[in-house]
S.K.: 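Encoded as structure tokens, here's the structure I'll be asking about.
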2 protein chains.
Amino acid sequence: MKSIDTIEGIARKTLHEELVERLRDIILEGALDVGAKVPERQLCERLGVSRTPMREALKVLAADKLVTLIPNRGAVVRGLTPEDIDELFPVIGALEALAGELACKRINGEELDAITGMHEDMVDHYRRRRLGEYFQRNQQIHESIVKASGNGVLQEQYRALSAPLRRARYVANLSDERWAQAVSEHEAMLEALTARDGARLAGILKSHLSNKHEAVLRRLEAEAAPAR
Amino acid sequence: MKSIDTIEGIARKTLHEELVERLRDIILEGALDVGAKVPERQLCERLGVSRTPMREALKVLAADKLVTLIPNRGAVVRGLTPEDIDELFPVIGALEALAGELACKRINGEELDAITGMHEDMVDHYRRRRLGEYFQRNQQIHESIVKASGNGVLQEQYRALSAPLRRARYVANLSDERWAQAVSEHEAMLEALTARDGARLAGILKSHLSNKHEAVLRRLEAEAAPAR
DNA sequence: TGACATCAAAATGAATTCATTATTCAATTT
DNA sequence: AAATTGAATAATGAATTCATTTTGATGTCA
């Protein structure tokens with residue numbers, strides 16, 4: 001029998017916690033322009049809360065590097081500069097490499113089957129050139145590997161660092177060559193994971209991320225150029 | 001004559017920012033017992049602020065995993081469980097390994113000289129068995145390598161993850177063998193760094209951290225046993 | 001004596017209020 | 001006409017107030 005606490009879900013979240021989630025989603029969704037000021041008054045009205053929990057939530061988001069707080073001038077949505085991207089990818093690459101290594105030691109058949117299924121789905125989406133679905137599966141595979149590492153700290157760091165990149169990654173696979181290369185890298189990843197070859201999987205992940213990094217950079221350049 | 005721009009603006013931090021720093025120091029210093037409730041009223045009185053900025057600061061510290069906020073029950077100082085330590089060390093090891101790799105590419109003579117000096121100091125403290133000073137230099141060397149990576153994200157992640165461990169590390173090098181081993185590992189680190197051999201340095205750092213991990217665990221076991 | 005219920009005191013969550021700092025815009029000066 | 005000053009307005013920072021929940025004590029009854 002369920003305990004009394006489990007009934008109705010432990011909906012005992014404080015208001016500011018819910019606000020953190022809501023705002024994080026809103027920001028990561030891209031519903032607020034980067035660099036745009038976030039007038040807390042408006043946010044409060046729209047979400048129906050007072051300023052106190054809203055300000056607490058903004059402080060937390062600032063600690064997460066999703067917004068920047070300027071004293072006496074409010075919060076602005078933080079965007080990623082090319083320098084940020086250059087710094088983020090190597091760190092994420094190192095984290096994923098570690099995750100791959102650990103995952104090879106601890107993954108069980110069930111988890112491996114699930115990842116294999118996602119991979120097949122992903123390849124299918126690739127064949128049909130369904131970019132959105134492809135990316136979704138792709139993201140899911142990476143997250144599953146990190147999760148399979150069984151290391152909560154690692155999982156949390158990975159999540160925090162890669163969340164702001166999701167938008168950037170969405171525009172990464174432009175060229176057909178890069179796309180094909182990425183898929184073949186994923187094939188190699190799955191092989192190494194199935195063989196429980198941690199060192200190999202780590203190496204593949206690291207270079208996979210490095211390639212993704214370059215692809216994102218080139219895409220950003222291509223976007224910046226015609227914008228002038 | 002100096003331009004108006006060169007006059008440095010008065011460093012105006014908001015109250016809650018200062019509070020975050022103060023509280024972080026207080027907690028990392030160990031001035032508050034782990035697991036102890038933190039009555040915000042008392043903290044406010046002692047630090048002479050009202051509850052609003054204090055609560056904002058606590059939210060930020062909770063996001064940093066330094067305290068745990070329990071709805072309607074306040075904040076407790078978060079301690080490290082053995083499981084936390086098991087999860088933290090591999091991640092820190094991966095970050096340091098990456099830092100070593102990057103540092104070998106970017107480090108300049110000046111930085112290398114500084115680290116070499118620290119290393120010699122550290123060895124001197126080792127010979128005289130000055131544990132406190134040894135650890136200080138040791139910490140400084142690791143931080144310098146991370147800094148020499150030139151990657152701000154990496155630096156920040158490293159700082160956030162290793163801060164809670166500082167206390168644990170202080171009790172790490174107990175046995176004479178482990179201490180001697182650590183010093184020789186540091187010798188190898190300096191060699192690899194001087195030779196700009198990134199791959200080697202990365203490998204050394206990773207196993208160095210792994211050894212530190214085991215030493216900390218053994219020390220914790222030894223402490224826990226007689227405590228019963 | 002011990003378990004349970006009830007009530008008071010204290011602590012936290014959130015809203016409101018007050019004070020200080022930016023921002024905007026009009027008026028004046030060069 | 002452009003720029004600078006100054007006042008009015010709006011926004012933020014922090015304190016206070018109010019409401020809800022927890023906690024602890026007291027008293028009752030088995």
Side-chain angles (χ1 to χ4, degrees), chain A residues 3-24 26-27 32-64 66-78, chain B residues 3-5 7-24 26-27 32-78:
Chain A
S3 133
I4 187 74
D5 289 338
T6 63
I7 298 175
E8 181 79 15
I10 313 172
R12 295 283 317 267
K13 281 182 185 168
T14 60
L15 198 45
H16 101 268
E17 277 178 289
E18 288 195 54
L19 277 179
V20 167
E21 292 178 17
R22 281 290 298 276
L23 287 180
R24 177 176 281 135
I26 289 174
I27 290 174
L32 296 174
D33 288 337
V34 270
K37 276 176 194 166
V38 185
E40 57 182 51
R41 175 81 50 185
Q42 285 181 28
L43 276 182
C44 290
E45 285 174 12
R46 176 170 300 205
L47 299 182
V49 299
S50 80
R51 281 179 58 216
T52 304
M54 176 64 70
R55 288 171 51 76
E56 291 173 348
L58 287 175
K59 297 284 186 302
V60 173
L61 293 177
D64 259 19
L66 284 174
V67 301
T68 304
L69 294 181
I70 307 171
N72 295 317
R73 275 196 242 174
V76 299
V77 178
R78 182 172 170 153
Chain B
S3 129
I4 188 74
D5 290 337
I7 300 174
E8 45 185 77
I10 305 161
R12 292 196 332 172
K13 283 180 186 170
T14 60
L15 198 44
H16 101 268
E17 276 178 292
E18 290 196 52
L19 277 179
V20 168
E21 292 178 17
R22 280 293 296 278
L23 289 180
R24 178 176 279 137
I26 289 174
I27 291 174
L32 296 174
D33 288 337
V34 275
K37 275 177 193 164
V38 185
E40 59 183 46
R41 175 80 52 185
Q42 286 181 29
L43 275 182
C44 291
E45 285 174 11
R46 176 171 297 205
L47 299 182
V49 299
S50 80
R51 282 178 58 215
T52 304
M54 176 63 71
R55 287 170 52 74
E56 291 173 349
L58 286 175
K59 297 285 186 302
V60 173
L61 292 178
D64 258 19
K65 303 290 171 67
L66 284 176
V67 300
T68 305
L69 294 180
I70 307 172
N72 294 316
R73 278 196 238 172
V76 299
V77 178
R78 181 172 172 154

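Here is the naming used below: chain letters follow the sequence lines, and residue numbers restart at 1 for every chain. Basis for what follows: all heavy atoms, side chains included, without hydrogens, waters or symmetry-related copies. As the structure is a prediction and not an experimental result, all values here were calculated from the model.
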S.K.: Side chain of A:L15 only, heavy atoms from C-beta on: which candidate in C:dA14, C:dT23, C:dA22 is closest?
M.R.: C:dA14

S.K.: Looking at the side chain of A:N72, which of C:dT23, D:dT21, D:dG13 is the nearest nucleotide?
M.R.: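 My answer, after comparing the listed nucleotides, is D:dG13.
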
S.K.: Write down the atom of B:V34, the atom of B:R78, and the distance for their closest heavy-atom approach.
M.R.: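 B:V34 and B:R78 have their closest heavy atoms at CG1-O, 3.9 Å.
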
S.K.: Atom CD of A:E45 to atom P of D:dA10: distance rounded to whole Å?
M.R.: 13 Å

S.K.: Any Lys/Arg nitrogen of A:E40 or A:R51 sitting under 4.0 Å from an Asp/Glu carboxylate oxygen of the other?
M.R.: yes

S.K.: Do the side chain of A:E17 and the main chain of A:T14 share a donor and acceptor less than 3.5 angstrom apart?
M.R.: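 A pair under 3.5 Å: yes.
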
S.K.: Tell me the interatomic distance from B:K13, atom NZ, to D:dA14, atom P, rounded to whole angstroms.
M.R.: 13 Å

S.K.: Mind calculating the distance between CZ (A:R41) and P (C:dT17) to the nearest angstrom?
M.R.: 11 Å

S.K.: Between B:P39 and A:S50, which has a closest nucleotide on DNA chain C that is more 5'?
M.R.: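 So the residue in question is B:P39.
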
S.K.: Could you check how far CD1 of A:I70 sits from C1' of D:dT12, rounded to whole Å?
M.R.: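 From A:I70 CD1 to D:dT12 C1': 12 Å.
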
S.K.: Checking contacts here: which listed nucleotide (D:dT12, D:dG13, C:dA14) is nearest the side-chain heavy atoms of B:T14?
M.R.: D:dG13

S.K.: Once you apply a heavy-atom cut-off of 4.0 Å, does A:R73 come out as touching a base, just sugar-phosphate, or nothing?
M.R.: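 If one applies the 4.0 Å heavy-atom cut-off, A:R73 turns out to touch the sugar-phosphate alone, with no base involved.
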
S.K.: Calculate, to the nearest 0.5 Å, the distance between atoms CD1 and CG belonging to A:I26 and A:L47 respectively.
M.R.: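 Reported value, rounded in 0.5 Å steps: 5.5 Å.
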
S.K.: From CD of A:E17 over to P of C:dT12, roughly how many Å is that when rounded to an integer?
M.R.: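 These atoms are roughly 15 Å apart.
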
S.K.: Whole angstrom is fine here: how far is it from CE in A:M54 over to P in D:dA11?
M.R.: 14 Å

S.K.: So if I take every side-chain heavy atom of B:K37 and compare against D:dT23, D:dA15, D:dG13, which nucleotide ends up nearest?
M.R.: D:dT23

S.K.: Look at the side chain of B:R55 and decide which nucleotide, out of C:dT21, C:dT16, C:dT12, has an atom nearest to it.
M.R.: C:dT12

S.K.: Rounding to an integer number of Å, can you tell me how far A:H16 NE2 sits from C:dT12 P?
M.R.: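 It is 14 Å, rounded to the nearest whole Å.
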
S.K.: Considering heavy-atom distances to DNA chain C, does A:R51 or B:Q42 have its closest nucleotide positioned more toward the 5' end?
M.R.: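 Mapping each residue to its closest nucleotide by heavy atoms, the 5'-most match is B:Q42.
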
